[in-house]
Amino acid sequence: MQALVIVGHGSHLNPGSSDPAFAHADTIREAGAFDEVREAFWKEEPSFREVLRTLESDEVYVVPLFISEGYFTEQVIPRELRLDDWDPENWDSDGTDADHVTLDAADVEKTVHYCGPVGTHDSMSDVIVQRAKSITGDEDVGEVDESDSSARQTESDGGFGLAVVGHGTERNENSAKAIHYHADRIREMGRFDEVQAVFMDEDPEVDDVTDFFESEDIVVVPLFVADGFHTQEDIPEDMGLTDDYRDGYPVPGEVDGHRIWYSGAVGTEPLVADVILERAEDAGAPVHDAVEAVREKTGGADAAAGD
Amino acid sequence: MSVADALADAADAGIDFDGLTVEPYRDAYRWQTPDGEAVVTEAELRERADSPYATNWHYWERVVEGHDTARRAFLRWLEGDGEHAVPERYDHLRGGHTRHWGELAVTVVLSEDGQRRYEVRHEDDLGADVDAYTDPLEARQLVKHDDDGRYRPLSTAPTLPTGWAFVDLDGSDLVQTVEYVYPATVANWHREREGDLDVDHWEDAAGRQSGIYEIVQQLDGDALEWAAEACCVDSQCLKRREWDESEDEELDVPRGDGEFPCREPCSLFIAAARKFTTLEREETREYTFELTPEEKEQVEDIVDAVADGRTDEIREADVYEGANRYRARFLRAKRMDEHGLSGTPTYPEDHE
């Protein structure tokens with residue numbers, strides 16, 4: 001038997017924090033890829049500490065629903081899962097390359113395939129683009145058909161800009177790396193006229209997001225797992241989308257002559273289920289058919305076709 | 001495979017389960033139960049497929065399976081763990097046999113061919129007409145808030161909401177539902193029964209904390225007792241605390257009467273301990289302010305009411321309760337100003 005465990009942060013205060021983990025777990029369950037699928041949390045139950053013992057499977061794929069490599073993926077999760085032989089060197093990563101490592105957990109007789117976090121997987125770039133499509137309701141967002149000159153003469157004459165927002169912190173350099181990594185990848189896709197990484201706690205700051213774009217339309221996608229304090233309160237207020245988060249914010253909202261399409265946390269995008277599965281597949285889980293099924297279901301069919 | 005086919009299929013290898021023995025004997029089979037013994041042909045063996053012993057064997061060995069799993073042990077425990085002979089157990093199960101698990105009531109009912117169906121609900125809802133569910137996954141959201149709409153960060157807090165029931169479940173779905181209500185309780189209970197519960201005492205759990213939680217190692221023994229008294233008693237958590245300060249130093253706080261063990265301080269306890277640690281770093285000071293004896297008792301009443309979660313129960317007009325809102329507002333109006341209680345600054349040096 002094979003199990004998938006999605007490990008997330010969870011919260012003692014915010015009941016919605018675990019919702020994305022539940023939602024993606026459900027999508028993967030429906031695809032029938034694993035005998036067991038279980039969610040586990042740092043701040044909710046089952047805890048990282050106890051989740052492995054709740055499974056009957058002897059082979060377990062653990063995928064962290066975290067954005068960046070760092071404290072949680074390198075210290076907390078392996079320690080709490082009792083992956084005694086873990087060493088961050090196992091991943092041989094410079095901050096965005098973590099793949100997987102196979103280890104034994106000390107308290108259970110199981111083989112654990114410990115995967116890199118969802119946030120640094122290449123496919124997360126596709127999810128960010130998908131998020132931009134979802135929030136604008138436009139499958140072609142950012143793409144300008146050069147043969148159709150009217151495309152640039154519609155509401156926006158400058159195409160679309162994309163801002164990827166990260167928390168940023170001086171305590172963990174990998175936190176910003178993940179944001180830059182995807183911003184760079186999406187820029188290389190050539191889809192959006194401009195792509196910029198911005199941050200809450202370091203420069204360039206999300207407060208000044210409109211300064212960084214010439215495009216009239218800017219899609220702003222926070223690379224966060226769950227909607228909460230930061231994505232629902234801080235960022236909309238910092239950008240000037242709303243004076244008071246309790247009043248909500250418009251989509252799109254006007255700020256300094258730009259239209260801001262603010263998407264909320266990317267982690268709630270259904271296609272994230274696909275990234276979780278891909279992490280497991282990269283670690284050897286025989287889930288190829290499920291990956292295809294989930295992509296079709298969650299709006300990633302284009303991405304699968306090499307979008 | 002029908003029970004009859006399964007019996008015939010298994011008979012050559014022999015069956016020995018819950019009082020039923022079937023084994024090859026000459027050209028036939030020996031059938032033995034506490035009710036008697038017979039030598040039967042294969043056809044006669046098939047005719048015995050409706051015997052409680054046969055359907056019971058079939059249910060556990062062909063439907064539930066999972067030897068040595070927590071799931072199987074829990075399902076066995078629900079129907080009395082083999083303490084009664086099978087026909088007697090069936091009598092109990094026909095009308096529904098209920099056991100309690102935390103605030104849950106789990107009912108097993110015998111159905112066709114010895115199959116069991118399960119139902120689980122809040123114990124206060126036994127016999128009540130409540131919303132019915134069949135998908136265990138729905139339990140995740142159903143138990144997330146208490147009946148007053150407050151988020152429950154601790155699954156085993158005795159605040160399980162009422163008004164729902166999971167019905168017509170098979171064994172796996174029942175265990176899954178229970179696991180979503182009280183995560184990991186079945187696994188740890190099973191380990192304990194097998195003599196295999198791994199307990200991480202405070203010393204171990206605190207010792208491995210890092211980042212902002214590293215400081216909990218500084219919580220001293222007295223404060224740890226107070227913390228356990230605050231968080232780890234039956235009124236706050238249904239788990240039975242099995243961890244102590246260390247293997248050699250037991251805490252005085254009662255362990256609790258819960259069916260399922262708590263094998264280490266949980267994340268909520270660690271988070272609270274972090275705050276307690278910073279509180280304990282402060283030295284006491286002497287403050288001088290005046291209260292009437294009744295006012296002093298009122299302050300004590302307020303602390304008690306908050307600590308026991310009783311503030312909602314104190315009636316608006318019950319001004320005889322010290323923690324009544326109007327009484328508290330009167331005390332605040334009379335005794336507190338911008339410097340706090342009786343005009344006494346918390347940090348007098350800031351006002352010198």
Side-chain angles (χ1 to χ4, degrees), chain A residues 1 5 9-23 25-30 35-58 70-72 74-82 84 105-110 169 171-172 228, chain B residues 65-72 135-141 143-146 149-157 172 175-176 178-191 196-198 200 205 207-214 239 262-272:
Chain A
M1 286 174 76
V5 176
H9 192 284
S11 168
H12 292 153
L13 300 173
N14 172 12
S17 172
S18 47
D19 288 353
F22 287 161
D26 287 350
T27 303
I28 292 167
R29 259 184 215 104
E30 275 171 38
D35 301 299
E36 297 173 284
V37 178
R38 190 68 165 114
E39 313 87 343
F41 303 96
W42 173 230
K43 294 291 185 186
E44 295 176 39
E45 298 155 83
S47 61
F48 299 162
R49 199 72 183 155
E50 308 209 307
V51 65
L52 295 178
R53 63 186 54 198
T54 70
L55 304 167
E56 289 187 16
S57 304
D58 45 24
Y71 179 57
F72 275 96
E74 292 181 357
Q75 278 190 57
V76 176
I77 299 168
R79 179 189 79 208
E80 297 293 301
L81 291 176
R82 301 175 180 81
D84 289 351
D107 62 324
V108 288
E109 288 172 8
K110 299 179 193 298
T169 165
R171 285 178 299 163
N172 174 10
Chain B
E65 300 182 303
H67 281 268
D68 304 324
T69 62
R71 170 176 57 90
R72 179 187 175 96
D135 182 354
L137 299 176
E138 298 206 64
R140 292 174 305 191
Q141 297 299 337
V143 303
K144 208 156 200 185
H145 296 85
D146 66 18
R150 283 175 301 208
Y151 173 44
R152 303 174 66 241
L154 180 66
S155 304
T156 44
S172 292
V175 175
Q176 201 187 356
V178 170
E179 272 288 295
Y180 273 122
V181 177
Y182 294 137
T185 55
V186 173
N188 282 325
W189 164 88
H190 178 56
R191 279 178 175 247
D196 194 23
L197 183 70
D198 46 338
D200 274 15
R208 70 166 197 271
Q209 299 304 316
S210 56
I212 63 168
Y213 297 108
E214 197 175 334
K239 281 186 188 167
C262 174
R263 53 161 302 282
E264 70 174 36
C266 67
S267 74
L268 203 59
F269 189 88
I270 297 285

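If you're wondering where the values come from, they're calculated on a predicted model, not measured in any experiment. Throughout, a chain's letter reflects where its sequence line sits, starting with A, and its residues are numbered from 1.
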Minimum heavy-atom separation for S11(A) to Y151(B), with atom names?
O-OH, 2.6 Å
Looking at every non-hydrogen atom in both residues, tell me the closest pair between P183(B) and P46(A) and how far apart they are.
CB-N, 3.4 Å
Taking atom CG of D68(B) as the centre, report whether more than 12 heavy atoms of other residues, nucleotides or ligands fall under 6.0 Å from it.
no
Residue among [options] with most heavy-atom pairs under 4.5 Å to chain A:
options	answer
T156(B), D200(B), L137(B)	L137(B)
G66(B), A70(B), S155(B)	S155(B)
R191(B), R71(B), H145(B)	R191(B)

Got R49(A) and R208(B) here, is their nearest side-chain heavy-atom distance under 4.5 Å?
yes
Salt bridge between R53(A) and D198(B), side-chain N to carboxylate O under 4.0 Å?
yes
Under 4.0 Å between a side-chain nitrogen and a carboxylate oxygen: does that hold for D19(A) and K144(B)?
yes
Determine whether the side chains of E45(A) and Y180(B) contain a donor N or O and an acceptor N or O closer than 3.5 Å.
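The answer is no; no qualifying pair exists.
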Any donor-acceptor pair under 3.5 Å linking the side-chain atoms of S210(B) with those of Y71(A)?
yes
Roughly how far apart are S47(A) OG and I270(B) CD1, rounded to 0.5 Å?
11.0 Å
Measure the OG-CD distance between S172(B) and E56(A) for me, rounded to the nearest 0.5 Å.
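Here the rounded value is 7.0 Å.
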Using non-hydrogen atoms and a 4.5 Å limit, figure out which bit of R79(A) sits close to chain B: side chain, backbone, both or neither.
side chain
Identify which part of L55(A) has an atom lying under 4.5 Å from any heavy atom of chain B, answering side chain, backbone, both or neither.
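Neither part.
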Name the member of Q75(A), E44(A), E39(A) that forms the most heavy-atom pairs with chain B at distances under 4.5 Å.
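Ranked by contacts with chain B, first place is E39(A).
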Interchain contact, D196(B) with chain A, by part (heavy-atom threshold 4.5 Å):
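For D196(B), no heavy atom lies under 4.5 Å from chain A.
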Checking heavy atoms, do the side chain of Q209(B), its backbone, both or neither come under 4.5 Å from chain A?
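Both the backbone and the side chain of Q209(B) come within 4.5 Å of chain A.
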